[in-house]
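Notes to accompany the following structure.
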Number of protein chains: 2
Amino acid sequence: MDSDLTWSERRGELIHLSFMLTGRLRALMDQRAAELDLSPMQARALWVMQDPTPMGELAEKLHCDASNVTGIVDRLEDQGLMERVIDPDDRRRRNLVVTEEGRARSVSLRDRLHEGNPVLALTDDEVEVMLTLLGRMLEAPD
Amino acid sequence: MDSDLTWSERRGELIHLSFMLTGRLRALMDQRAAELDLSPMQARALWVMQDPTPMGELAEKLHCDASNVTGIVDRLEDQGLMERVIDPDDRRRRNLVVTEEGRARSVSLRDRLHEGNPVLALTDDEVEVMLTLLGRMLEAPD
DNA sequence: TATTGTTATACTCTATAACTATA
DNA sequence: TATAGTTATAGAGTATAACAATA
């Protein structure tokens, strides 16, 4: 069916454009993070964190191996932005807690991510539509 | 104005969700790339390339420093996926050309990026809307 | 025995600065 | 002098495998 081919092509185009947007947003995030002395992964850790979060759970949220999280959290701890707290119920587990300073840094990052964000090109109505579509794309399990 | 505050919050939510989608798409890209023996940056280079592209232009498209491109292209050349061709009009310039094998690898990657892509959660009509909105977000200069 | 997290390793990515060769 | 690209360097991210502590 011809129209089917067209739909397929449209989806291909959408996938391409979504990766182009991803590249832009990544560049924006990394640039703003660097202004705040945060490496890309440190920034993403602060971005996705909701304390308390065990190391392994943070690894999942960052889409990387658990062994990497050790170093990333080490450097965040060095900056006093995060703390490891041993879970009293399971002493193997380290619950990550964002410090007050870490939360302040996270808020600064969030504010800076508005400036120059491609999302600002949308009208208010389009923002609503986009929120709905993003919600549908993200509701599927990871 | 109250409604203004709401719009601002909506945009904040949209920015947050767009970065969550970015994280998902990055993980998907890196995973599929690895299956094809491509590092994340090698995959992105193939993804954004449109030959012939000088080194510096590829650096811009990858949002990274020009010095990094040397190594990335070295490794792509090692795999026979790309070639440096000295520009006859300006012998300082190296034009990058994707080889036939490189193009095949690129097509494989594109095909694999459809499987498990969050974009598949959208209906055909929603895809059309999303294409329009993405186009508006990306039309502004980088 | 299984799980949580760390360490060791080798490779890739990263920006900065100094360099080569062309223009 | 200016530009295109490379090299050197130091730091950060990456997966794999082996390990420690705890369950």
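Note on naming: letters A, B, ... go to the chains in the order of the sequence lines (proteins, then strands), and numbering restarts at 1 for each one.
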Exercise for the section: Calculate the interatomic distance between B:R84 atom CZ and D:dA4 atom C1'; express it in whole Å. Expected result: 12 Å

Exercise for the section: Look at all strands and tell whether B:R44 reaches a base, only sugar-phosphate, or nothing, counting heavy atoms closer than 4.0 Å. Expected result: nothing

Exercise for the section: Determine, stepwise, if the pair B:M29 / B:L109 fulfils side-chain contact (heavy atoms from CB on, under 4.5 Å). Expected result: CA-CA 8 Å; B:M29 171 70 91; B:L109 178 61; 4.1 Å; yes

Practice task
Find which nucleotide of DNA chain D each of A:L62 and B:S67 is nearest to by heavy atoms, and output the residue with the more 5' nucleotide.
Solution key: B:S67

Exercise for the section: Flag the pair A:D30 and A:R44 as a salt bridge only when some basic side-chain nitrogen lies within less than 4.0 angstrom of an acidic carboxylate oxygen. Expected result: no

Give every donor-acceptor pair under 3.5 Å between a side-chain atom in residues 110-119 of chain B and any protein atom, sequence neighbours left out.
from, atom 1, to, atom 2, distance (Å)
B:R112, NH1, B:E35, OE1, 2.6
B:N117, OD1, B:V119, N, 2.9
B:N117, ND2, B:L113, O, 3.0

Problem - Non-hydrogen side-chain atoms of A:V129 and A:L133 separated by less than 4.5 Å - result: yes

Practice task
Can you sort out which residues in residues 86-98 of chain A have a heavy atom within less than 4.0 Å of DNA chain D? Ascending by number, please.
Solution key: A:D90, A:R91, A:R92

Completion exercise
Rounded to whole Å, CD of A:E60 lies from P of D:dA15 at a distance of 13 Å

Practice task
State the CG-NE2 distance between B:L134 and A:H16, to the nearest 0.5 angstrom.
Solution key: 11.0 Å

Practice task
Mind running side-chain contact (heavy atoms from CB on, under 4.5 Å) on B:W47 and B:K61 for me, showing each step along the way?
Solution key: CA-CA 10 Å; B:W47 188 258; B:K61 290 188 175 178; over 6 Å; no

Exercise for the section: Please work out if A:P40 contacts a base, only the sugar-phosphate, or nothing of the nucleic acid, heavy-atom cut-off 4.0 Å. Expected result: nothing

Problem - A:I72 vs B:G56, nearer the 5' end of DNA chain D by closest nucleotide - result: B:G56

Handout entry: A:V73 side chain reached by A:R84 side chain, heavy atoms, under 4.5 Å
Key = yes

Problem - Length of the line joining B:N68:CG and D:dA4:P, which is rounded to integer Å - result: 17 Å

Handout entry: B:R93 vs B:M55, side-chain contact (heavy atoms from CB on, under 4.5 Å): CA-CA, chis, key distance, verdict
Key = CA-CA 8 Å; B:R93 185 172 268 125; B:M55 305 286 288; over 6 Å; no

Exercise for the section: Quickly work out the A:D74 CG to D:dG13 P distance and round it to whole Å. Expected result: 11 Å

Handout entry: Whole-Å gap separating P (D:dG11) and CG (A:L76)
Key = 18 Å

Handout entry: Short side-chain donor-acceptor distance under 3.5 Å, B:D65 and B:S67
Key = yes

Problem - Between P of D:dA15 and CD of B:E35, the distance in whole Å - result: 14 Å

Practice task
Please find the earliest and latest nucleotides of DNA chain C, in the 5' to 3' direction, that have an atom within less than 4.0 Å of any heavy atom of chain B.
Solution key: C:dT12 to C:dA23

Practice task
For B:E77 and D:dT6, give me the distance from atom CD to atom C1', rounded to whole Å.
Solution key: 13 Å

Exercise for the section: For B:D65 and D:dG11, give me the distance from atom CG to atom C1', rounded to whole Å. Expected result: 15 Å

Exercise for the section: Remember a base hit wins even if backbone is also touched, and classify B:S39 as base, sugar-phosphate or nothing at under 4.0 Å, heavy atoms. Expected result: sugar-phosphate

